[in-house]
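When a ligand or atom number is given, it counts from 1 through the structure's own listing order. Just so you know, these numbers come straight off a predicted model, no measurement behind them. Numbering of residues begins at 1 and proceeds along the displayed sequence.
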Amino acid sequence: MASGELLGTLAFSEKGSRSHFWAPVSQARARSDGSRGVQLTADKSWVTSAGHADVYVVSTKSVGGETPTTTDLYAVTAEHGGFEVSAPWLGMGLRGNASSPMRFDTGVEEGLRLGDSGSGFGTMMGVVLPWFSLGNASITLGLARAALEAAVGHVSGARLEHLDSRLADLPTIRARIGRAGTVLAANEEYVWATARKIAAGADDAMLYVLGAKAAANDAALLVTDEAMRVCGGAAFSRHLPVERAFRDARAGHVMAPTSDILYDFYAKLLCGMDLF
Ligand SMILES: Cc1cc2nc3c(=O)[nH]c(=O)nc-3n(C[C@H](O)[C@H](O)[C@H](O)COP(=O)(O)OP(=O)(O)OC[C@H]3O[C@@H](n4cnc5c(N)ncnc54)[C@H](O)[C@@H]3O)c2cc1C
């Protein structure tokens with residue numbers, strides 16, 4: 001996966017704990033034939049690249065785990081099998097992806113567990129969260145950047161012939177572009193700063209990880225909304241890429257941890273409270 005040869009994905013979310021991905025309700029069982037390893041039975045509500053990925057990182061409560069966060073992660077390969085995609089992707093936008101529900105029901109050897117037994121929660125928080133937040137924030141801002149650039153191009157060229165002017169000559173249009181552009185630029189720097197904090201192992205890296213995804217996701221909502229506004233009816237037509245970015249950008253804030261949860265975590269960290 002690190003060399004880019006295999007496509008990996010996360011199978012964390014479950015219907016029972018919804019966006020609280022750190023608390024799977026499925027639970028691994030000892031295998032009835034007494035062999036080593038466990039029986040992994042889990043219904044996952046959303047898995048990006050379902051049916052297309054080479055590796056599925058699947059979370060589940062550990063055998064005998066008594067708290068919601070006593071969890072394990074298993075790397076289930078496509079070759080290993082033991083899973084099915086329960087339904088096709090049918091959602092708003094994101095037509096190039098396949099975020100479908102999946103069912104895993106398979107015996108897995110201990111060797112497929114990532115880390116020691118019960119270490120799933122720590123890996124989710126310490127390894128997955130920083131990478132996921134950076135990647136998600138970057139994609140969400142890339143969508144916003146694409147929408148803003150298309151909007152600037154459109155308002156700079158679209159003419160009001162009877163007035164011999166362009167849309168960009170309207171101060172209200174420029175005000176929206178200015179607001180969107182500055183919010184976007186600030187958030188791009190926030191993501192860079194977060195990457196530097198993670199790379200340096202800074203004490204406040206977690207605060208940045210929690211804040212950057214939430215802020216970037218909300219910035220993308222605002223920027224793509226402004227891009228739709230300033231382009232008017234043209235934004236709805238497919239000759240501009242704005243409507244696509246507008247639709248796709250809406251997924252970022254619900255991809256767990258959701259923005260609202262992140263704001264709460266961020267505040268808890270600032271106030272010296274436990275996150276969980
Ligand atoms: C396109 C797409 C792709 C996805 N891909 C994957 C994937 O690859 N792997 C995976 O594991 N999951 C994936 N997910 C699932 C995602 O991470 C979330 O788990 C899921 O979208 C949450 O939806 P829900 O309806 O269960 O939200 P709910 O948990 O029902 O949340 C509803 C609302 O309540 C708010 N809320 C909930 N709890 C709190 C709280 N404690 N404090 C404040 N607000 C709260 C939320 O912020 C949200 O606004 C994907 C989702 C989407 C949309």
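Here the heavy atom of the protein found nearest to atom 44 (N) of ligand 1 is D260 CB, 3.7 Å. Nearest protein neighbour of atom 29 (O) of ligand 1, counting heavy atoms only, is S19 OG, 2.6 Å. Scanning the protein heavy atoms around atom 10 (C) of ligand 1, the nearest turns out to be W46 O, 3.1 Å. With hydrogens left out, the protein atom closest to atom 42 (N) of ligand 1 is I261 CG1, 3.8 Å, a heavy atom. Protein heavy atom at the shortest distance from atom 30 (O) of ligand 1 is R18 NE, 2.7 Å. At the shortest separation from atom 47 (O) of ligand 1 among protein heavy atoms lies T258 OG1, 2.6 Å. Atom 4 (C) of ligand 1 has as its closest protein heavy atom T48 OG1, 3.6 Å.
Counting heavy atoms closer than 4.0 Å to ligand 1, residue V47 contributes backbone atoms (N, CA, C, O) but none from C-beta onward. Proximity of L94 to ligand 1, defined as any heavy-atom pair under 4.0 Å, is confined to the side chain (atoms from C-beta onward). Contact annotation: for K15 versus ligand 1, there are no heavy atoms closer than 4.0 Å. Only the side chain of S99 comes within contact range of ligand 1, with a heavy atom under 4.0 Å; no backbone atom does.
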Please assess S62 against T70 for the test side-chain hydrogen bond (donor to acceptor under 3.5 Å, both in side chains), listing each intermediate value before the final yes or no.
CA-CA 6 Å; S62 311; T70 307; 5.9 Å; no
Start with the C-alpha gap between F132 and F21, add the side-chain angles, then the distance that decides, and say whether ring pair (Phe, Tyr, Trp, His ring centres under 6.0 Å) holds. CA-CA 13 Å; F132 181 76; F21 67 87; 7.8 Å; no
- request: Take T258 and D260, measure what side-chain hydrogen bond (donor to acceptor under 3.5 Å, both in side chains) needs, and give me the verdict at the end.
  value: CA-CA 6 Å; T258 69; D260 285 348; 5.9 Å; no
Intermediate values then yes/no, salt bridge (charged side-chain N to carboxylate O under 4.0 Å, His left out), D204 and K197:
CA-CA 7 Å; D204 56 354; K197 292 276 181 187; 3.2 Å; yes
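Of all the listed residues (E14, R250, H20), H20 holds the heavy atom that lies closest to atom 41 (N) of ligand 1. Of the options S259, S13, A11, the smallest heavy-atom separation from atom 19 (O) of ligand 1 is shown by S13. When the heavy-atom distances from atom 20 (C) of ligand 1 to N136, V254, V128, D248 are ranked, the shortest goes to V254.
Checked for salt-bridge contact, D225 and R229 miss the test: no charged N lies under 4.0 Å from a carboxylate O. Here E110 pairs with R36 in a salt bridge; the nearest charged N to carboxylate O distance falls below 4.0 Å. Salt bridge annotation for K61-E14: absent, with no cationic side-chain nitrogen under 4.0 angstrom from a carboxylate oxygen. A salt bridge links D164 with R159: the distance from a Lys NZ or Arg NE/NH1/NH2 to an Asp or Glu carboxylate oxygen falls below 4.0 Å.
The shortest N/O to N/O separation between D264 and ligand 1 does not fall below 3.5 Å. Not one N or O of A251 is nearer than 3.5 Å to an N or O of ligand 1, by distance alone.
Atoms of ligand 1 found under 4.0 Å from any heavy atom of M255 (numbered from 1 in listed order, with element): 1 (C), 2 (C), 3 (C), 16 (C), 17 (O). The atoms of ligand 1 that sit less than 4.0 Å from any heavy atom of A256 are 16 (C), 17 (O), 18 (C), 19 (O). Near L10, meaning under 4.0 Å from any of its heavy atoms, are these atoms of ligand 1: 7 (C), 8 (O), 9 (N), 10 (C), 11 (O).
T71 places no side-chain N or O within 3.5 Å of a backbone atom of S59 that could act as its donor or acceptor partner. Between the side chain of S133 and the backbone N or O of P130, no donor-acceptor pair lies under 3.5 Å.
Taking the six-membered ring wherever Trp is involved, the centroid distance between the rings of F104 and Y74 does not fall below 6.0 Å.
Under the 4.0 angstrom criterion, atom 33 (C) of ligand 1 counts as lacking any protein heavy-atom contact. Checking atom 53 (C) of ligand 1 against the protein gives a heavy-atom contact under 4.0 Å.
Figure legend: cation-pi geometry between R250 and F246, with NZ or CZ positioned under 6.0 Å from the six-membered ring centre and within 45° of its axis.
Residues V128 and L275 are members of one and the same hydrophobic cluster, defined by side-chain heavy-atom contacts under 4.5 angstrom among Ile, Leu, Val, Met, Phe, Trp and Tyr.
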